[in-house]
Amino acid sequence: TIKNTMIYKRFASVLLSAASVLTVPYSSYPIANAASADKENEVKSILQRMQTDVLAFRDEMERVYSVRCETPTLTECAENNFNDCSSTFSSQQCMEADELVISTCGDGETCNALWDKTLSTVSIPASLAQDSLGNPDDDEVIESACYSRLAERYMMEKYKADEDYWSKWNVQPSWTYFGAHNGLFRKIPATHQEECGQ
């Protein structure tokens, strides 16, 4: 339909705009505080990795968007999305103190946050959670939840690869996430929000 074509074009242009920030040739970036050629090459390697990751994720989201109207996308979606305020995550684990500190969850020395790295969670603004159970009732938001769920395995594998990659600098990666134009936000690892509907 014309509406779907317009949405797809808008979706693709947003992804390309975001990716274009990382596609500027690295030679045009001044590398601040690069004390040596080795350090500069290391920074360039990190930027190259980030660019490659963004473009690969763009391709994955375009792939799942292209099958959003297929019957399995919608039928397998029901009751298979986890909300970051009300869902129970079956594989939550206590994160190390240096991985994430949420002051309301702990003291920063012992268990201070629970993450589930085996699934993604969906956030929507309170203004979109209009049905009696706090779920969206807008067809477009529901469609976004359903097609973006198809990228969950990719996001999970990407997060694991990021953990391995960033461990050489003793850094824990942040979330892998996708934000739709209508306010829906999907991220992995799954965590509960400190404040719902934000």
Side-chain angles (χ1 to χ4, degrees), residues 7-8 10-24 26 29 41-68 70 72-74 76-77 80-85 87-102 112-124 141 143-193:
I7 291 170
Y8 181 75
R10 182 174 52 200
F11 175 77
S13 69
V14 168
L15 284 174
L16 289 173
S17 294
S20 69
V21 172
L22 294 176
T23 58
V24 175
Y26 296 121
Y29 285 115
N41 288 334
E42 185 176 38
V43 171
K44 286 180 179 180
S45 172
I46 291 169
L47 291 173
Q48 177 65 50
R49 161 79 182 231
M50 293 170 70
Q51 176 181 332
T52 301
D53 287 350
V54 167
L55 296 175
F57 191 39
R58 175 205 60 192
D59 293 345
E60 175 64 9
M61 293 313 298
E62 286 183 350
R63 182 192 70 78
V64 299
Y65 185 81
S66 72
V67 296
R68 72 194 180 287
E70 293 183 8
T73 301
L74 301 174
E76 294 171 11
C77 180
N80 281 310
N81 287 285
F82 294 86
N83 181 280
D84 63 355
C85 282
S87 295
T88 301
F89 308 134
S90 61
S91 297
Q92 284 184 327
Q93 56 182 303
C94 184
M95 305 313 291
E96 298 294 329
D98 65 346
E99 288 185 287
L100 178 69
V101 175
I102 298 176
N112 56 58
L114 295 172
W115 285 16
D116 188 335
K117 297 178 182 181
T118 66
L119 52 87
S120 66
T121 140
V122 171
S123 304
I124 56 171
V141 175
E143 179 183 85
S144 294
C146 290
Y147 80 74
S148 66
R149 188 186 72 84
L150 299 176
E152 185 174 63
R153 177 167 298 285
Y154 178 93
M155 294 170 75
M156 190 168 38
E157 291 170 356
K158 169 78 175 74
Y159 187 81
K160 175 61 179 148
D162 283 351
E163 283 188 308
D164 295 341
Y165 178 77
W166 291 104
S167 67
K168 59 182 131 183
W169 292 285
N170 199 28
V171 173
Q172 180 70 24
S174 186
W175 293 273
T176 296
Y177 57 88
F178 165 75
H181 68 282
N182 50 33
L184 179 132
F185 192 76
R186 179 178 294 278
K187 69 180 181 182
I188 191 167
T191 58
H192 286 111
Q193 290 283 62

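As a basis for the values below, the full set of heavy atoms in this structure was taken, side chains included, without hydrogen atoms, waters or symmetry mates. Being a predicted model, the structure only gives us computed values, none of them experimental.
Closest heavy-atom contact between G179 and F185: CA-CD1, 4.0 Å. The minimum heavy-atom distance linking A145 with C77 is given by the pair C-SG, 4.3 Å. Closest heavy-atom contact between S45 and Y165: O-OH, 4.1 Å. Of all non-hydrogen atoms in F178 and M155, the two that sit nearest each other are N-CE, 4.2 Å.
In this structure a side-chain-to-backbone donor-acceptor pair under 3.5 Å is missing from W175 to I188.
Contacts of E42 classified as salt bridge (charged side-chain N to carboxylate O under 4.0 Å, His left out), with partners at least two apart in sequence or in another chain: K39. Taking T118 as the reference, D116 meet the side-chain hydrogen bond (donor to acceptor under 3.5 Å, both in side chains) condition, with sequence neighbours excluded. Take T73 and apply the side-chain contact (heavy atoms from CB on, under 4.5 Å) test, not counting sequence neighbours, and it matches V67, E70, C146, Y147, L150. For D162, the salt bridge (charged side-chain N to carboxylate O under 4.0 Å, His left out) partners are R49, K158, not counting sequence neighbours. Listed by chain and residue number, E152, R186 satisfy the side-chain hydrogen bond (donor to acceptor under 3.5 Å, both in side chains) test with S120 (two or more places apart in sequence, or in another chain). Not counting sequence neighbours, the partners of R63 by the salt bridge (charged side-chain N to carboxylate O under 4.0 Å, His left out) test are E60. Remark: K187 pairs with no residue by the salt bridge (charged side-chain N to carboxylate O under 4.0 Å, His left out) rule, at least two apart or across chains.
From I46, atom CD1 reaches atom CG of N41 across 11.5 Å, with rounding to the nearest 0.5 Å. Between atom CE of residue M156 and atom CG of residue L119 there is a gap of 8.0 Å, rounded to the nearest 0.5 Å.
Under the 3.5 Å distance criterion, with hydrogens and angles disregarded, a donor-acceptor pair is assigned to the side chains of Q48 and T52.
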